[in-house]
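The structure under discussion appears below in the form of structure tokens.
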There are 2 protein chains.
Amino acid sequence: MSTAYRRVDGRRARGDRRRTEIVEAALRVIERDGVAGVTHRTVAAEAGVPPASLTYHFASLDDLVVGTLTWSAERMATRIRDGIESSRIKGRSQAGAVAETLAEALGPQRGRTMAEYELYLLAARRPALRPAARQWLDVLTSLGRQPDEVGFRAFLAGVDGILLQGLIDDDPPTAAELLPVVEHLLEPLR
Amino acid sequence: MSTAYRRVDGRRARGDRRRTEIVEAALRVIERDGVAGVTHRTVAAEAGVPPASLTYHFASLDDLVVGTLTWSAERMATRIRDGIESSRIKGRSQAGAVAETLAEALGPQRGRTMAEYELYLLAARRPALRPAARQWLDVLTSLGRQPDEVGFRAFLAGVDGILLQGLIDDDPPTAAELLPVVEHLLEPLR
DNA sequence: GCACTACCTGGACGATCGTCCAGGTAACTT
DNA sequence: AAGTTACCTGGACGATCGTCCAGGTAGTGC
């Protein structure tokens, strides 16, 4: 074996191009139709590859879903951390940055957010998915100073609740509408 | 038409026995395997009725899922309201009652809670389900005094977040562990 | 050039899906 | 007793599912 191979799911992966193309297509399908809409054929059509290509790159459909959600969780987590931190160094208030990020997650990023919570629910039934689901909590935790403090735990819960409830609003809430609640949740922490 | 009939889903329903049996079976299936596990045949087997019976009583599988989740939301909502109110008149602290109810929802009632949040996510994609999903919020709101207050909205979000995060804990949190967070969320309201 | 190997896919298989329909059953009316 | 009607279901249909496999292709080492 001359070229550098990595073992992934019991299968070799070199360029990984096809593989990531498939994962990205799967994420688009999940954002649009939910996990329920994921089949070999829908994802293959979305990615523009033959259905058999999925069986080649992933041991099972389940592996694909798990891989996609895990990968998505990582991307979203870093995106949020970067957003909050960069607006913090710009001198903006932390509450404002959080409120804006939440409004974004419920507006332009709505599909991504739904995917994220589908992961949560899947993780509730499958322990193997829990570390991936908790990444999101870990990112938020890394933004706090005393992660164990009661007020901070309340803040974490509040953020999840705001997002979840925002998903069943008829119109997504604006950052301005969210701001007072975020401020209230953040208040005892400063 | 001598006996009293009610129109349900464009179909008559008299005794409704079969119908509720099917709905209850569907709920058990959802609690066990999630919405993804619901098929005509799995529900029929769980209910001990022939698969064709589902097509007779429900216009489509989708109607069954929607009906089941709506019905479950109603039951859970009244159950929670009763629990909180009854323990309130017993002189216990409200925070304690809430914490206990949450711990119950994450322990013995875990399956029910997961079903509830599957409804949330389904409602995020299908506006028709949103009123049913919001019942849960309405119940909580009916317990508060000033539903529009910022602190109360934070409390509502916090409760949803606690439940959601509790579902991906490896061991369900106890009422004692939940109590400080609940108290913290309830604090500004009294 | 040839052999080799990793990479890829068309096409098909059996399983399972949602739904339908012809016909059976039992309760009520007359 | 006979008729009527609401209630129910066995069995089958076509569609779609996940997965497999024989074989094709393109790149590398000689």
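Naming convention: chains lettered A, B, ... in sequence-line order (proteins, then strands); numbering from 1 in each chain.
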Could you go through nucleotides 10-15 of chain C and list every protein N or O atom that sits under 3.5 Å from one of its N or O atoms, giving the distance for each pair?
none

| request: Return the value, rounded to whole Å, for the distance between atom CG of B:Asp62 and atom P of C:dG18. | output: 11 Å
Listed pairs under 3.5 Å, donor-acceptor, residues 97-106 of chain B side chains, sequence neighbours left out:
from, atom 1, to, atom 2, distance (Å)
B:Glu100, OE2, B:Arg92, NH2, 3.2
B:Thr101, OG1, B:Ala97, O, 2.8
B:Glu104, OE2, B:Arg79, NH1, 3.3

| query | Could you state the CG-P distance from B:Asp63 to C:dG18, rounded to the nearest angstrom? | reply | 14 Å
| Value rounded to 0.5 Å, distance of CG in B:Leu54 from NE2 in B:His40 | 5.0 Å
| Point-to-point distance, once rounded to the nearest 0.5 Å, from CD1 of B:Ile22 to OG1 of B:Thr68 | 9.5 Å
| For B:Leu61, which of B:Thr55, B:Val38, B:Val43 qualifies under side chain to side chain contact (heavy atoms under 4.5 Å, CB included)? | B:Val38
| Spacing of B:Leu64 atom CG relative to C:dT19 atom P, expressed in whole Å | 10 Å
| Of the nucleotides D:dG18, C:dT19, C:dC8, which one has an atom closest to the side chain of A:His40? | D:dG18
| What is the distance, rounded to the nearest whole Å, between atom CG of A:Leu54 and atom C1' of D:dG18? | 10 Å
| When you measure from the side chain of A:Tyr56, which nucleotide among C:dT9, D:dC17, C:dC17 comes out closest? | C:dT9
| query | Whole Å only: how far is the CZ atom of B:Arg19 from the C1' atom of D:dC8? | reply | 15 Å
| Selection from C:dT19, C:dG18, D:dC8 that lies nearest to any side-chain heavy atom of B:Arg18 | D:dC8
| Exceeds 12 heavy-atom contacts within 6.0 angstrom, atom CG of A:Asp171 | no
| field | Proximity to DNA chain D (any heavy atom under 4.0 Å), residues of residues 21-36 of chain A only | value | none
| message | Please pick, from C:dT19, D:dT9, D:dT19, the nucleotide with the shortest atom-to-atom distance to any side-chain atom of B:Ser53. | response | D:dT9
| Distance in angstrom units between A:Leu61 CG and D:dC20 P, rounded | 12 Å
